[in-house]
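To start, the structure itself, in structure tokens.
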Amino acid sequence: MVPREVSSLIGMQYCLLGTFFVVILNYGGTSMDGKTQVVEAIKKALPDVNQEDIESKIERPKDNKNGDYAFPTFFLAKIKHQAPQMIAADLVKEIDQSGFENVVVAGPYINFFLNKAQIAAGILSDIITDPENYGNANLGNGGNVPIDMSSPNIAKPMSMGHLRSTVIGNSLANILTKVNYNPIKINHLGDWGTQFGKLMAAYKMWGSEEEVKADPINTLQKYYVRFHQEDKENPALDDDARAWFRKLEDGDEEATYLWKWFRSESLKLFMKIYDLLGIDFDSYNGEAFYNDKMDEVVQMLEDKGLLQESKGAEIVDLEKYNLNPALIKKTDGATLYITRDLAAAIYRKRTYNFVQSLYVVGNEQQNHFKQLKAVLKEMGFDWSDDIHHIPFGLITQGGRKLSTREGRVILLENVLDDAINLARKQIAEKNPDLKNADEVAKQVGVGAVVFHDLKNERLNNFDFNLEEVVRFEGETGPYVQYANARAQSILRKAGNPDLTNVNMELGDADAWEVIKMLGQFGETVQRASREYEPSVIAKYSLQLAKGFNQYYAHTKILVDDDEKLARLALVTAVSDVLKSSLSLLGVQAPDEM
RNA sequence: GGAGCGCUAGCUCAGCUGGAUAGAGCAUUCGCCUUCUAAGCGAACGGUCGUGAGUUCGAACCUCACGCGCUUCACCA
């Protein structure tokens with residue numbers, strides 16, 4: 001019952017890394033951002049209003065004819081006993097306009113137009129001088145954040161549901177790194193439980209070694225489904241399964257051998273998918289890892305007098321949290337899911353001394369995590385508040401929940417293969433001379449699937465539709481990748497000139513629309529980290545790609561004039577930020593496609 | 001019944017802490033490759049923001065009630 005060798009090794013290595021993770025990063029740019037400038041100007045004209053009020057009222061107009069920032073004066077009407085229009089008209093006279101291109105009254109609003117060329121140069125220069133660190137912030141002070149993610153079940157194929165947990169967790173890890181947390185990606189494998197009893201029973205009845213070796217997961221899956229079909233007719237099968245699981249728990253040689261074998265075969269196949277996705281983990285400590293750590297937890301509960309007997313089972317009452325009691329031990333003395341998770345939570349606190357602990361697990365388990373936190377709270381662990389369940393919506397097919405038992409699954413492998421093949425076909429059509437076409441097809445195909453999963457709010461359910469997932473046009477991953485590839489293509493044609501010291505002042509409206517978005521990257525990253533929401537980044541990348549495509553369509557970049565190098569700086573900066581955004585999502589950005 | 005999430009254009013979804021005529025993509029129709037990648041750009045069409053009250057100078061957003069959908073509610077994970 002010793003968990004995988006690999007896992008403990010990697011876990012240990014990590015701890016060391018975590019301890020030494022002190023890095024000096026460049027946080028944010030050097031130029032003053034537009035909003036601060038607006039706040040300063042208003043503050044001087046309104047000395048008796050406090051700064052927070054001003055800051056909170058300032059907004060970014062949807063329509064750019066209303067300026068880059070706007071200040072509504074409604075809230076001053078009561079204080080000044082004047083109509084907002086009057087206040088705005090008076091106020092604008094008091095404002096020092098020297099740092100702006102224009103400051104105008106529009107009814108009850110004061111609209112600020114920034115000095116575009118100057119701000120543009122500041123933003124572009126910030127990006128180009130240090131593209132890697134552009135948008136970084138120090139929100140986390142290097143604190144450890146274990147992320148429980150992916151967590152597929154051994155002997156079952158990875159489904160679209162696991163993809164969600166995997167890519168959301170991975171993206172959150174990337175985002176948290178950018179705001180200076182130290183994420184620890186934990187693959188909490190489903191490598192223990194009564195399903196192994198069923199699997200062993202099924203294998204002994206109908207299985208063969210050759211068959212399993214040829215196609216491990218699908219074969220095991222087949223046994224599992226068949227077991228569930230037949231035990232409806234023949235309930236005695238369940239007793240057989242229970243007996244096998246008992247054997248496993250008691251360390252029976254054959255059972256243990258089969259367990260290890262199933263586990264390692266499964267893991268091999270999972271690794272292929274993780275490689276394709278470009279995702280790795282810091283720990284593979286799954287459920288089995290906590291087998292020997294639950295007694296202590298039960299003892300602690302006992303010592304603190306939290307354990308009660310109810311209907312023959314051991315529970316922790318959570319009445320005062322308005323929750324159902326947490327079942328710690330079954331009538332037969334066996335532990336349950338929550339017991340294991342309690343052990344895991346405590347282990348993680350001890351091992352990583354986390355500042356936050358995240359669980360990227362489906363929305364349908366939210367009750368479980370509420371209970372988990374409540375029990376830890378009852379145990380006197382204040383750090384229970386640092387545990388956050390990051391739920392995500394259900395994937396359905398034809399409106400129905402996917403069910404492994406009923407064999408209704410969407411195999412992730414198939415989806416990825418379909419996407420890659422389609423990408424390969426498109427390349428053959430649109431860019432037949434591309435050298436590393438197979439590699440790019442992988443990047444584009446996988447990118448489409450991953451991006452599709454991250455583009456909408458986590459909690460939205462979605463009904464699986466292959467055509468939609470592997471779509472390459474419109475609001476998709478390939479759309480963003482394509483914008484970057486176009487940018488790279490221009491830079492190649494221009495001979496990749498050194499741009500570090502060129503004049504980057506661009507004042508035209510088309511360029512400004514793009515540059516303004518570039519300037520919003522940092523706040524976007526912070527919002528994504530605050531809300532644990534990768535879709536914020538995905539949406540941003542789409543918007544930036546769209547802005548760039550528009551610029552590209554309307555502005556000829558490679559013409560020899562005074563602003564050519566400035567335009568190339570813009571193209572470089574766009575590519576840098578698009579790459580950063582995609583990388584935060586875990587999506588590759590090929591230079592050609 | 002308790003708890004949670006959702007309801008915005010034909011479909012899929014944005015809409016940041018309430019703010020100026022509610023925005024994209026897909027689909028449909030129509031334009032744009034004599035050279036920076038058309039996986040693109042542009043235009044048209046399309047919405048009583050589930051319903052009803054309330055708070056507010058102002059509500060898709062906040063409060064309450066109701067309707068519909070999904071998830072979950074002790075011996076699975």
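Each chain gets a letter, A, B and so on, in the order its sequence line appears, and its residues count up from 1.
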Task: Phe112(A) ring center within less than 6.0 Å of Phe71(A) ring center - done: no
Open item on the list: Nearest whole Å is fine: how far is U72(B) C1' from Gln366(A) CD?
Closed with: 8 Å
- [ ] Select one nucleotide: of C13(B), C57(B), A77(B), the one nearest the side-chain heavy atoms of Tyr337(A).
- [x] A77(B)
- [ ] Please determine which of Arg486(A), Arg492(A), Lys579(A) meets the salt bridge (Lys or Arg N to Asp or Glu O under 4.0 Å) test together with Asp591(A).
- [x] Lys579(A)
Task: Rounded interatomic separation in angstrom, taking NZ from Lys62(A) and C1' from C61(B) - done: 11 Å
TODO: Classify the nucleic acid contact of Ile557(A) as base, sugar-phosphate or nothing, counting any heavy atom under 4.0 Å across all strands shown.
DONE: base
- [ ] Confirm from the modelled atom types if Asp191(A) and A77(B) form a donor-acceptor pair under 3.5 Å, side chain to base only.
- [x] no
Task: Under-4.0 Å salt bridge between Asp68(A) and Arg60(A) - done: no
TODO: Identify whether any heavy atom of Pro61(A) sits under 4.0 Å from a base atom; if not, whether one sits that close to sugar-phosphate; answer base, sugar-phosphate or nothing.
DONE: base
TODO: Please name all residues satisfying salt bridge (charged side-chain N to carboxylate O under 4.0 Å, His left out) with Asp463(A), sequence neighbours left out, ordered by chain then number.
DONE: none
TODO: Calculate the interatomic distance between Phe369(A) atom CZ and A77(B) atom P; express it in whole Å.
DONE: 14 Å
Task: Qualifying residue for ring-ring contact (aromatic ring centres under 6.0 Å, His included) with His452(A), from Phe462(A), Phe472(A), Tyr479(A) - done: Phe462(A)
Open item on the list: So for Thr194(A) and C76(B), does any side-chain atom that can act as donor or acceptor lie under 3.5 Å from a complementary atom in the base?
Closed with: no
Open item on the list: With the 90 degree cut-off around zero defining syn, does C30(B) come out syn or anti?
Closed with: anti
Task: Minimum heavy-atom distance between Ile395(A) and Met160(A), given as atom pair plus value - done: CD1-O, 3.4 Å
Open item on the list: Please report the distance, rounded to the nearest Å, between CG in Leu459(A) and P in U12(B).
Closed with: 18 Å
Task: Interatomic distance at P, A44(B) relative to C26(B), whole Å - done: 16 Å
Open item on the list: Expressed as a whole number of angstroms, how long is the span from Asn431(A):CG to A39(B):P?
Closed with: 9 Å
- [ ] Calculate the interatomic distance between Asn324(A) atom CG and G1(B) atom C1'; express it in whole Å.
- [x] 13 Å
TODO: Nearest-nucleotide wise, let me know which of Asp463(A) and Lys329(A) is further upstream toward the 5' end of RNA chain B.
DONE: Asp463(A)
Task: C64(B) to U72(B) separation - C1' atoms, rounded to the nearest Å - done: 25 Å
- [ ] Using the C1' atom on both, measure U55(B) against C70(B) and round to a whole Å.
- [x] 31 Å
TODO: Nearest whole angstrom, please: distance from the P of C76(B) to the CD of Gln371(A).
DONE: 14 Å
Task: Heavy-atom donor-acceptor pair, Lys65(A) side-chain to U21(B) base, under 3.5 Å - done: yes
Open item on the list: Under 4.0 Å from OP1 or OP2 of C36(B): is there any side-chain N or O of Lys564(A) that close?
Closed with: no
TODO: Under 4.0 Å between any heavy atoms, over every strand shown, what does Leu323(A) touch: base, sugar-phosphate, or nothing? Just pick one.
DONE: nothing
TODO: Taking Watson-Crick and G-U wobble pairs with both distances under 3.5 Å, convert RNA chain B into its dot-bracket string, 5' to 3', dots for unpaired and | for cross-strand pairs.
DONE: (((((((..((((.....[...)))).(((((.......))))).....(((((..]....))))))))))))....
TODO: Please say whether more than 12 non-hydrogen atoms of neighbouring residues, nucleotides or ligands are located less than 6.0 Å from NZ in Lys329(A).
DONE: no
Task: Arg471(A) with Glu467(A): basic N within carboxylate O range, under 4.0 Å - done: no
Open item on the list: Counting the atoms with a prime plus P, OP1 and OP2 as sugar-phosphate, which does His554(A) contact under 4.0 Å by heavy atoms, base, sugar-phosphate, or nothing?
Closed with: sugar-phosphate
Open item on the list: In this structure, is the centre-to-centre distance between the rings of Tyr540(A) and Phe521(A) below 6.0 Å?
Closed with: yes
TODO: Look at Lys430(A) and A39(B) and indicate whether a side-chain polar atom (N or O) is within less than 4.0 Å of OP1 or OP2.
DONE: yes
Task: Along RNA chain B (nearest heavy atom to each residue), the more 5'-positioned of Arg471(A) and Phe462(A) - done: Phe462(A)
Task: Sugar-phosphate, base or nothing in reach of Tyr479(A), heavy atoms under 4.0 Å - done: sugar-phosphate
- [ ] Look at all strands and tell whether Asn66(A) reaches a base, only sugar-phosphate, or nothing, counting heavy atoms closer than 4.0 Å.
- [x] base
Task: Distance, rounded to the nearest Å, where Gln365(A) contributes CD and G4(B) contributes P - done: 18 Å
